[in-house]
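Beneath this line is the structure, given in structure tokens, with notes to follow.
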Number of protein chains: 2
Amino acid sequence: MDLFTTKGYAATSLREIAEALGINKASLYYHFRSKEDILLSLFEDRGSEAEELVTWLQDQPPGPGLLQTAVMRWVGSFSADKLRGIRFLTANPLVLRGTDSAAGDRISASLTQLVDSLEPLLPSRTGADVVLLRMAILSINAAVEAAAGTDIPDQDILDAAHRAANRLLAEIGRS
Amino acid sequence: MDLFTTKGYAATSLREIAEALGINKASLYYHFRSKEDILLSLFEDRGSEAEELVTWLQDQPPGPGLLQTAVMRWVGSFSADKLRGIRFLTANPLVLRGTDSAAGDRISASLTQLVDSLEPLLPSRTGADVVLLRMAILSINAAVEAAAGTDIPDQDILDAAHRAANRLLAEIGRS
DNA sequence: GTCTATACGGTGATAGAC
DNA sequence: GTCTATCACCGTATAGAC
């Protein structure tokens, strides 16, 4: 994942991966069936958080503060150890869409489903408000990208993402 | 640029580019010396806005509102026709760093210089505040990414970015 | 300016010995 | 499980005719 994040998935060859592991290139094919299989194995157990939030959301009574609660619950579900996955995704934004494999679609689909569940809760639903909502949801990604290249600690990045999400939510509907 | 944005730079072959242009693959080498040359030609005249803002900034008298003014000036300098470049950059975040060519470095370097000029204006300068500042500067990018896959008009995306930048600036120092 | 033809290297992937 | 050897393929890039 480190190689995919720093060099990009397409630009990382199996030779480099094998080299980093100290084994031969052909030995990779004993553990994985293809290069894409290596990629998907890194995200096997991911994508469940969004689905859980969606089901949680369906059990909640609709109210004025539900949107804020749900988004902050989502943003708050990220801990420092999950930033590695975020960093990979921001470095390879197109790669999951190109897999057309089950695991690849699951992550993007679950996030789409989350957005679809939250958009109806918007008071106004203008174009800009929809963007602001999505920005709030993706504030973790934006914070990671903003801090790329610096040596800012992960906890500060998470703090900034939380505060940004709060502010963006407060801006919704104020056009 | 459309091909590089939708498929990714590395995943786009010269054959596809030639096909889209209706010419032969080899004919490309009459107009460009290499694939990287095609990429850099798309950004020949870019990167100057950030430099202009930095020089403008140096002539301004320091004051409490200078940070906000400068960031909003930066965010406001983006019009709808510049979003194509932003979309390319968000789809290919690693590609400019890998060129080690003059034009490639110039864009990222100018943005780094902008950040370096603005950070000293921060009141507190904690880790989270630095991230928030950088998020405000990159709010255009974040808005474009948030709206990816939707049919939201460019003007709404720009509106959301402006409002987001304002909110993020207001959050700085409030830890 | 555009074409055909080709060189050359690296890629993902396979076969089979150990 | 790991290796050597090899494969077909596709990538960028070049040579040279028209």
Side-chain angles (χ1 to χ4, degrees), chain A residues 1-46 84-85 87-108, chain B residues 1-46 84-85 87-108:
Chain A
M1 190 183 278
D2 283 341
L3 283 171
F4 288 160
T5 302
T6 54
K7 296 184 43 106
Y9 172 73
T12 303
S13 67
L14 295 179
R15 183 184 50 76
E16 289 171 299
I17 297 174
E19 216 165 77
L21 294 171
I23 63 174
N24 191 279
K25 183 176 67 166
S27 303
L28 287 173
Y29 284 89
Y30 176 81
H31 303 277
F32 304 97
R33 286 184 307 179
S34 67
K35 185 184 181 183
E36 183 174 315
D37 193 34
I38 297 177
L39 170 70
L40 297 178
S41 73
L42 299 172
F43 294 93
E44 256 171 1
D45 51 348
R46 292 304 176 89
R84 279 169 59 93
R87 290 197 171 95
F88 169 87
L89 287 175
T90 60
N92 299 277
L94 299 171
V95 96
L96 282 189
R97 215 205 41 179
T99 56
D100 77 15
S101 167
D105 281 349
R106 211 189 53 239
I107 295 184
S108 44
Chain B
M1 189 183 279
D2 283 341
L3 283 171
F4 289 160
T5 301
T6 53
K7 298 186 43 111
Y9 172 72
T12 302
S13 67
L14 294 179
R15 183 184 50 77
E16 290 170 298
I17 296 174
E19 216 165 76
L21 293 172
I23 63 172
N24 191 278
K25 186 175 63 166
S27 303
L28 287 173
Y29 285 88
Y30 176 80
H31 303 277
F32 305 97
R33 285 184 310 179
S34 67
K35 184 185 181 184
E36 184 174 316
D37 193 35
I38 297 177
L39 170 69
L40 297 178
S41 74
L42 298 173
F43 294 93
E44 256 171 1
D45 51 348
R46 292 303 175 91
R84 281 170 58 94
R87 291 199 170 94
F88 168 86
L89 287 175
T90 60
N92 299 277
L94 301 170
V95 98
L96 282 189
R97 217 205 39 182
T99 56
D100 77 14
S101 168
D105 280 348
R106 211 189 51 235
I107 296 183
S108 45

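The shown structure was predicted, so the numbers you read here are calculated from the model rather than taken from an experiment. In what follows, chains are A, B, ... by sequence order, proteins preceding strands, each numbered from 1. In what follows, every heavy atom counts, from backbone to side chain, and hydrogens, waters and symmetry copies are set aside.
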Show the atom names and distances, to 0.1 Å, of all donor-acceptor pairs under 3.5 Å that link a side chain in residues 8-22 of chain A to residues at least two apart or in another chain.
unit_1	atom_1	unit_2	atom_2	d
A:Y9	OH	A:E36	N	3.4
A:T12	OG1	A:L3	O	3.4
A:T12	OG1	A:G8	O	2.7
A:S13	OG	A:E16	N	3.3
A:S13	OG	A:E16	OE1	3.3
A:E16	OE1	A:S13	N	2.9
A:E16	OE2	A:K7	NZ	3.0

In B/S/- notation (B base, S sugar-phosphate only, - none; protein heavy atoms under 4.0 Å), nucleotides 11-18 of chain D written 5' to 3' is SBBB----
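- If you take CG on A:L39 and CE on A:M1, they are separated by 8.5 Å, rounding to the nearest 0.5 Å.
- In this entry the distance linking CD1 of A:I23 with P of D:dT2 reads 6 Å, nearest Å.
- For the atom pair CG (B:L28) and NZ (B:K35), the distance works out to 11.5 Å, reported to the nearest 0.5 Å.
- Rounded to whole Å, the distance from NE2 on A:H31 to P on C:dA13 is 16 Å.
- Within the structure, every side-chain polar atom (N or O) of B:Y30 is placed at least 4.0 Å from both OP1 and OP2 of C:dT2.
- Contacts classified as ring-ring contact (aromatic ring centres under 6.0 Å, His included) and involving residues 17-42 of chain A (residues at least two apart or in different chains) are not found.
- Between atom CG of residue B:L89 and atom CZ of residue B:F43 there is a gap of 5.0 Å, rounded to the nearest 0.5 Å.
- Rounded to whole Å, the distance from CG on A:L28 to C1' on D:dC3 is 12 Å.
- Side-chain N/O atoms of B:S27 include none lying less than 4.0 angstrom from OP1 or OP2 on C:dG1.
- With B:R87 contributing its side chain and B:T6 its backbone, the two residues share no donor-acceptor pair below 3.5 Å.
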